[in-house]
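The structure appears right after this line, and notes come after that.
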Amino acid sequence: MPHFEVQIHEEALGGEDSPVSGQLIKELTEAALTVYPESFRKLVGVEIFGVPSGRWGVGGKITDELAPIVTLRSREGLFHHPDFVGAPARLISAITDAVVAVLGESVRERVTVRLLGVPTGRSGVGGEPA
């Protein structure tokens, strides 16, 4: 299952009524579907973790500069499957575009995307290795 984890400044998410989290969930799901078929939609998970002010640093200093980190974890084979040619590069581009669509063009240069592949047999569902 493709699973996104997003680390972002809590303030960027807005308050309880803010649509930012929902927009990120929607856009990241759509980004995955630019590479994988529509049937994957029900498998795409997204978790958003807000980092409180004062707990994000760059260059040894606390910063409030928005620099989202998006990690996509999936079975390793999905990144190299012959049906999904060029998946890593396409995903990095689509994920970055998804974040920019929600947070604005000014964050593009600071969006970090990590693709982490889980080797076969190192994950499981329902107590069984997958």
Before you tell me yes or no, could you show the steps for Leu91 and Phe84 under side chain to side chain contact (heavy atoms under 4.5 Å, CB included), namely the whole-Å CA-CA distance, both residues' side-chain angles and the distance that decides it to 0.1 Å? CA-CA 10 Å; Leu91 285 165; Phe84 313 123; over 6 Å; no

Which atoms form the tightest heavy-atom contact between Arg73 and Leu116, and what is the distance? NH1-CD1, 3.1 Å

With side chains defined as the heavy atoms from C-beta onward, is the minimum distance between Leu24 and Val46 less than 4.5 Å? no

Nearest heavy-atom pair of His9 and Glu65: which atoms, and what distance? CE1-O, 3.0 Å

Looking at CZ of Arg55 and CD1 of Ile62, how far apart are the two atoms once the value is rounded to the nearest 0.5 Å? 10.0 Å

Could you tell me if the side chain of Leu13 sits less than 4.5 Å from the side chain of Ser18, heavy atoms only? no

Does any part of the side chain of Val20, heavy atoms only, come nearer than 4.5 Å to the side chain of Val102, both counted from C-beta? yes

Following the transitive rule for hydrophobic clusters with a side-chain heavy-atom cut-off under 4.5 Å over Ile, Leu, Val, Met, Phe, Trp and Tyr, establish whether Val99 and Leu33 coincide in one cluster. yes

Under the rule for salt bridge (charged side-chain N to carboxylate O under 4.0 Å, His left out), what residues qualify as partners of Glu30, not counting sequence neighbours? Arg41

If every non-hydrogen atom of Glu11 is compared with every non-hydrogen atom of Ser53, which pair is closest and at what distance? OE2-CB, 3.1 Å

To the nearest 0.5 Å, how far apart are CD in Glu5 and CG in Leu28? 12.0 Å

Is the Phe40 ring parallel, tilted or perpendicular to the Tyr36 ring (thresholds 30°, 60°)? parallel

Report yes or no: do Val51 and Val58 belong to one cluster of Ile/Leu/Val/Met/Phe/Trp/Tyr joined by side chain heavy-atom distances under 4.5 Å? yes

In Å, rounded to the nearest 0.5 Å, how long is the span from OG1 of Thr29 to CZ of Phe4? 7.0 Å

What distance separates Gln7 CD from Glu47 CD, expressed to the nearest 0.5 Å? 11.0 Å

How close do Ala31 and Ala98 get, counting heavy atoms only, and between which atoms? CB-CB, 4.1 Å

Answer yes or no: does atom CZ of Arg75 have more than 12 heavy-atom neighbours from other residues, nucleotides or ligands under 6.0 Å? no

Which residues satisfy the salt bridge (charged side-chain N to carboxylate O under 4.0 Å, His left out) test with Glu105, sequence neighbours excluded? Arg108

Rounded to the nearest 0.5 Å, how far does CG of Leu78 lie from CG of Leu43? 9.5 Å

Side-chain heavy atoms under 4.5 angstrom apart, residues restricted to Ile, Leu, Val, Met, Phe, Trp, Tyr: same cluster for Val118 and Leu72? no

CD/Glu38: more than 12 non-hydrogen atoms of other groups inside 6.0 Å: yes

Rounded to the nearest 0.5 Å, what's the gap from CD on Glu27 to CG on Leu103? Could you check? 10.5 Å

How about Ile69 and Trp56: do any of their side-chain heavy atoms sit closer than 4.5 Å? yes

